Amino acid sequence: MPDDLWVDLLNRKHECYPTSSIPIEINHEGKRLTLHMPDVLVQPERLEIKATVGSGELLVLIGRHTMTDRDDPYERGVLMVARKRDEATYDVHVWHEMYPYALKYLGLAPEDGES
């Protein structure tokens, strides 16, 4: 195991403001949930939730988002933290874009050649 650790480091630059949201349906531990996430994605249907972890009122999600724009293709990871609104609904209050390599080192990136 190498001594160096590859890290996607988030520093002091943050934004925090109210925004409109869009609902998406996800599965978590065999339950269908509605996740209200910020309306910040072009082609939100291309967001793949790769991992979810829940504890109490909180749900942490890691996703992969790609865009099909041939002139400016784009892939990124997304880290979200959501709070439970009711038994089947969560609201995302933390949304951070991650480098695509972060998904690779977390073991959540597709194998080479897959999309």
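What you are looking at is a predicted structure, and each value in this text was computed from that prediction instead of being measured.
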Chemist: Is R83 close to D91 at the side-chain level, that is, under 4.5 Å between some pair of heavy atoms?
Modeler: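 Answer no - side chains too far apart.
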Chemist: Do the non-hydrogen side-chain atoms of V60 and V94 ever get within less than 4.5 Å of each other?
Modeler: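 A side-chain contact under 4.5 Å is absent here.
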Chemist: If you compare all heavy atoms of H28 against all heavy atoms of G54, which two are closest, and at what distance to 0.1 Å?
Modeler: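 For H28 and G54, the tightest heavy-atom pair comes out as CE1-N, 3.7 Å.
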Chemist: Provide the closest heavy-atom pair for L61 versus A82 in the form atom of the first, atom of the second, distance.
Modeler: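 The pair with the smallest heavy-atom distance is CD1-CB, 4.4 Å.
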Chemist: How many angstroms lie between CD in E87 and NZ in K31, if you round to the nearest 0.5 Å?
Modeler: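 Separation between the atoms: 5.5 Å.
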Chemist: When rounded to the nearest 0.5 angstrom, what is the spacing between CG in L108 and CD1 in I49?
Modeler: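 L108 atom CG to I49 atom CD1 measures 11.0 Å (nearest 0.5 Å).
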Chemist: Going by heavy atoms in the side chains, are V78 and M37 under 4.5 Å from each other?
Modeler: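 Sidechains of M37 and V78: no contact.
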Chemist: Quick one: sort the W6 and Y99 rings into parallel, tilted or perpendicular, breaks at 30° and 60°.
Modeler: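 Ring orientation of W6 relative to Y99: perpendicular.
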Chemist: Report whether L47 and L59 are members of the same hydrophobic cluster (ILVMFWY, side-chain heavy atoms less than 4.5 Å apart, transitive linking).
Modeler: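 In one cluster with L47: L59, yes.
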Chemist: So, taking the atom named CD in E45 and the one named NE2 in H65, what distance separates them when rounded to the nearest 0.5 Å?
Modeler: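 The CD atom of E45 sits 7.5 Å away from the NE2 atom of H65.
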Chemist: Tell me whether I22 shares a hydrophobic cluster with W95, the cluster being built from Ile, Leu, Val, Met, Phe, Trp, Tyr side chains joined at under 4.5 Å.
Modeler: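 Yes, I22 connects to W95 through the hydrophobic network.
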Chemist: Got a sec, which residues hit side chain to side chain contact (heavy atoms under 4.5 Å, CB included) with L10, two or more places apart in sequence or on another chain?
Modeler: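 L10 satisfies side chain to side chain contact (heavy atoms under 4.5 Å, CB included) with H14, H96 once adjacent residues are dropped.
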Chemist: Can you tell me how far NZ of K84 sits from CD of E57, rounded to the nearest 0.5 angstrom?
Modeler: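 Those atoms lie 5.5 Å apart.
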Chemist: Are L41 and M80 connected, step by step, through hydrophobic side chains (Ile, Leu, Val, Met, Phe, Trp, Tyr) whose heavy atoms are closer than 4.5 Å?
Modeler: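 They do share one cluster, since a chain of ILVMFWY contacts under 4.5 Å joins L41 to M80.
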Chemist: Please evaluate residues E25 and T34 with respect to the criterion side-chain contact (heavy atoms from CB on, under 4.5 Å), reporting the C-alpha separation (whole Å), side-chain torsions for both, the decisive distance (0.1 Å), and the verdict.
Modeler: CA-CA 5 Å; E25 300 294 318; T34 300; 2.9 Å; yes
Chemist: Measuring from atom OH of Y90 to atom CD1 of I24, what distance do you get when rounded to the nearest 0.5 angstrom?
Modeler: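 Here the interatomic distance stands at 14.0 Å.
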Chemist: May I ask you to test the E75-R64 pair for a side-chain heavy-atom distance under 4.5 Å?
Modeler: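 Touching, per the 4.5 Å side-chain cut-off.
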Chemist: Roughly how far, to the nearest 0.5 Å, is CE of M98 from CG of L103?
Modeler: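 Here the interatomic distance stands at 4.5 Å.
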